[in-house]
Amino acid sequence: MKYTASLVKLNIDERIATLRKDALERGIPVADEETLNFLLLTLAATKPKRILEIGTAVGLSAAAMLKACPSAQVTTIELEEERYLEAKKNFVELGVSDRVNAYLGDAGEILSMMNGQFDFVFLDGPKAQYEKYLFDIKRLLTNGGVLFADDVLLYGWVSGVEPTPPKRHSIVEKIRSYLDVVTSDRDFITSVLDVGDGVALSVYWKN
Ligand SMILES: C[S@@+](CC[C@H](N)C(=O)[O-])C[C@H]1O[C@@H](n2cnc3c(N)ncnc32)[C@H](O)[C@@H]1O
């Protein structure tokens with residue numbers, strides 16, 4: 001384990017921690033502890049009211065974000081029906097369902113039809129689509145809004161610290177392209193951080 005990850009003492013609702021452990025044991029992808037801790041830190045610093053999440057899985061990051069931001073609403077999108085239904089059940093059990101708008105479907109399609117403004121976006125869906133989603137995310141973000149994109153270093157393959165397995169070259173190139181586009185976009189201030197599996201933290205900052 002990375003030294004920085006070993007220092008994380010994640011402080012989340014006990015019921016979310018239990019559901020998270022259960023999801024991990026069943027092979028459901030959930031944000032790792034270092035990332036989740038940093039996500040909660042970012043939320044504590046920015047206090048968003050309207051959060052958009054791409055990639056609900058079974059709703060654990062959404063529930064953790066809602067617990068961390070008691071007056072926020074989360075809109076979250078998931079492609080797989082089974083996960084979406086489990087997330088809906090978890091939102092009810094965790095007492096946050098009245099603050100969640102959960103969509104079932106392809107994030108690309110749903111984002112293109114969405115209106116309104118969000119002050120925080122947690123981008124945690126299909127990594128190969130991050131760049132494609134950027135146009136709509138930018139349209140949906142308030143000035144000063146935060147874009148938190150997870151898994152952008154992908155096991156060290158993206159930075160080249162670890163060799164990319166032959167079948168993963170395409171996704172690695174797509175993530176590199178996302179990082180190039182978002183760091184070059186003058187409407188964003190971005191730092192790419194070696195937190196968890198890599199986080200690109202951007203602020204939409206149009207003067
Ligand atoms: C890393 S997981 C999300 C984990 C969740 N944010 C958490 O930390 O608890 C990514 C999710 O994105 C979903 N996904 C994949 N392709 C998608 C798409 N095109 N549209 C919406 N969701 C998608 C996957 O089914 C998966 O559940």
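One-based numbering, in listed order, for ligands and for the atoms of each.
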Got a salt bridge between [X] and [Y], using NZ or NE/NH1/NH2 to carboxylate O under 4.0 Å?
X: Asp119; Y: Arg50; answer: no
X: Asp22; Y: Arg26; answer: yes
X: Asp187; Y: Lys138; answer: yes

What pairs with Phe91 under ring-ring contact (aromatic ring centres under 6.0 Å, His included), at least two apart in sequence or on another chain?
none
Qualifying residue, where the test is side-chain contact (heavy atoms from CB on, under 4.5 Å) with Phe38 and the options are Leu193, Asp150, Leu43:
Leu193
Check the orientation of Phe148 and Phe122. Use parallel for under 30°, tilted for 30 to 60°, and perpendicular for over 60°.
perpendicular
Exercise answer, ligand 1 polar atom pairs (N/O) under 3.5 angstrom:
residue  : atom   : partner : partner atom : Å
ligand 1 : 6 (N)  : Glu53   : OE2          : 3.4
ligand 1 : 6 (N)  : Gly55   : O            : 2.8
ligand 1 : 6 (N)  : Ser61   : OG           : 2.8
ligand 1 : 6 (N)  : Asp124  : OD2          : 2.8
ligand 1 : 8 (O)  : Ala31   : N            : 2.8
ligand 1 : 8 (O)  : Ser61   : OG           : 3.2
ligand 1 : 9 (O)  : Ser61   : N            : 3.3
ligand 1 : 9 (O)  : Ser61   : OG           : 3.3
ligand 1 : 19 (N) : Asp106  : OD1          : 2.7
ligand 1 : 20 (N) : Ala107  : N            : 2.9
ligand 1 : 22 (N) : Leu79   : N            : 3.2
ligand 1 : 25 (O) : Glu78   : OE2          : 2.6
ligand 1 : 25 (O) : Arg83   : NH1          : 3.2
ligand 1 : 27 (O) : Glu78   : OE1          : 2.8
ligand 1 : 27 (O) : Glu78   : OE2          : 3.3
ligand 1 : 27 (O) : Arg83   : NH1          : 2.9

